[in-house]
Amino acid sequence: MVCRFSTKLLNICISSFCKVRQLEKAEAIIIDGIRLGVLPDVVTYNTLVAAYTRFVGIDAAYSVLHRMREAGINPDVITYNSLIAGATKHCLLSRSLDLFEEMLHMGIPPNVWSYNTLMHCFFKSGKPDEANRVFRDIILSNISPCPSTFNVMINGLCKNGYTANALMLFRNLQRHGFTPKIVTYNILINGLCKSGRLGAARTILKELGESGLMPNAITYTTVMKCCFRSRQFEQGLEVFLEMKEKGYTFDAFAYCTVIGALVKTGRINEANECMDQMIRNGIELDIVSYNTLINLYCKEGKLEAACNLLDEIEKGGMECDKYTHTILIDGLCKAGNIEGAERHLKYMNMMGFDSNLVAFNCFLDGLCKAGEVDYAMKLFESMELTDSFTYSSLVHNLCRARRFHSASKLLLSCLRGGMKILRSAQRAVLDGLRSSGFTREARKLHSKIRLAKIFHY
DNA sequence: ATAGGGTTAG
């Protein structure tokens, strides 16, 4: 009895240390406990697995699982759900599936949480059909769905382009005996907004107002972002003011949204003021905040400050992400430092950020602008992944170099790949061909573009 | 133990 109570205390201690990322201290307490005869139990290890998953990585968490087994404690459904969640967070679908399989193999029956997480993983990996199958299994089997099941589903449908289905499911929630929560509204408003259905987003926002639920900081940030997306800047800034009054600017999310919008519209001074405000208010800067700051430096032409900040971040032990590198590569290109951009592109690849399409697109455009169109075309041919940005940029730049036939060929291969291309890029090719006397080619190209449109839209 | 908001290019 005494021992059980002690283990409970031990677990409370460990949970507290894990919450503030002090994993070494948590481990030390376990050792102290064992010395005093207080043995860790399944809860102890589950707490550790969750913490390692969140702060270190899935492999570190998996090694806790081994230690757990060695200590003679059997993992349970919570252990596996944590691990599956960790794999999902890093978009490791096959890892999630393996863990699910392993759980079944161990004779541990999965619960709704396991299925919710698996569904989320399928959605995140761009496999909505598989996610739908899991959802159908939940509904048709004897596992009862929980409110999160519907939230995961509505979110996944939105993110995979099925906003109409998401809206339908939302409308049917009551029939399943569930009332939407603030999370549900946030998911839906965000999804509708990102897919350009602003009218529908506004309707849901109005319904949220009538529901009696309190909008939270996430709701506000979402709505603010919607304003910026639809170019209603002043309205967006008003939302930001309201957030500050309500005390909803306690983290970096709202600040980064506003600074990003200000930078994009060239309001650099205001962006700087906002950044200062965030720092003055003692908000802890995470990697996204640093990315926003590096972007601000780049747009101001302070490339040296941007590079130095990146070094500092890495020295400080925080991990830069693909955004950090891409922002800097674009900044270097725009400042005319192609060599520097290429060096950083190589560095980025060395750091394991390969196939970063946006970074390559920035570099391609930079090369062209620096007059290295041939080098850009060579690089383009070696790229395994391209998108409408790649083609629009190259076509534009080929036209600038008055290489209209190459531009025309590239434009057609883009359309053949079923990709969209900027209308202005199409115009540039057609106008270029006409003005240099190739009226027949221009007419032929025009009719091909029209046909492609009929089949793709 | 799972789900919702922020940063990049033409």
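Side chains included, hydrogens not; waters and symmetry mates left out as well; all remaining heavy atoms used. Lettering follows sequence order; numbering is per chain, from 1.
Using a cutoff of 4.0 Å between basic side-chain nitrogens and carboxylate oxygens, E130(A) and K127(A) are not scored as salt-bridged.
For dG5(B), its base never sits under 3.5 Å from the side chain of T222(A) at any donor and acceptor pair.
Distance D286(A) CG to dT7(B) P: 12 Å, rounded to the nearest Å. One atom, CZ of R54(A), and another, P of dA3(B), lie 9 Å apart when rounded to the nearest Å. Going from atom OH of Y220(A) over to atom C1' of dG6(B) covers 18 Å, rounded to whole Å. Between the CE atom of M224(A) and the C1' atom of dG5(B) there is a distance of 9 Å, rounded to whole Å.
Using a 4.0 Å heavy-atom cutoff across all strands shown, N397(A) reaches no nucleic acid atom at all. Within the 4.0 angstrom heavy-atom criterion, only backbone atoms of the sugar-phosphate kind lie near K264(A); the bases stay farther away. Residue contacts shown for L422(A) include a base, since a base heavy atom lies under 4.0 Å away. In this structure, S114(A) reaches neither bases nor backbone, as no heavy-atom distance under 4.0 Å exists between it and the strands shown. Note on R423(A): nothing from the nucleic acid sits closer than 4.0 angstrom, heavy atoms only. Residue I182(A) is in base contact, counting any heavy-atom pair closer than 4.0 Å across all strands shown. Residue-level contact check: S148(A) touches the bases, meaning some heavy atom is under 4.0 Å from a base atom. In this structure, D330(A) reaches the sugar-phosphate backbone alone: every heavy-atom distance under 4.0 Å involves primed, P, OP1 or OP2 atoms, never a base. Using a 4.0 Å heavy-atom criterion, one finds that K181(A) contacts no nucleic acid atom at all. Using a 4.0 Å heavy-atom criterion, one finds that T117(A) contacts the sugar-phosphate atoms exclusively. If you check every strand for non-hydrogen atoms under 4.0 Å, K194(A) touches sugar and phosphate atoms only. Using a 4.0 Å heavy-atom distance criterion, N116(A) is classed as a base contact.
Below 30°, between 30° and 60°, or above 60°: for F353(A) and H325(A) the angle between ring planes is between 30° and 60°, a tilted geometry.
Annotation: cation-pi pair R133(A)/F122(A) absent, no NZ/CZ under 6.0 Å from the ring centroid and within 45° of its normal.
Put simply, Y323(A) rests on the base of dT7(B): the two rings are less than 5.5 Å apart at their centres and nearly parallel, under 30°.
Across the pair C226(A) and C193(A), the gap between the SG atoms, which is the quantity tested here, stays under 2.5 Å.
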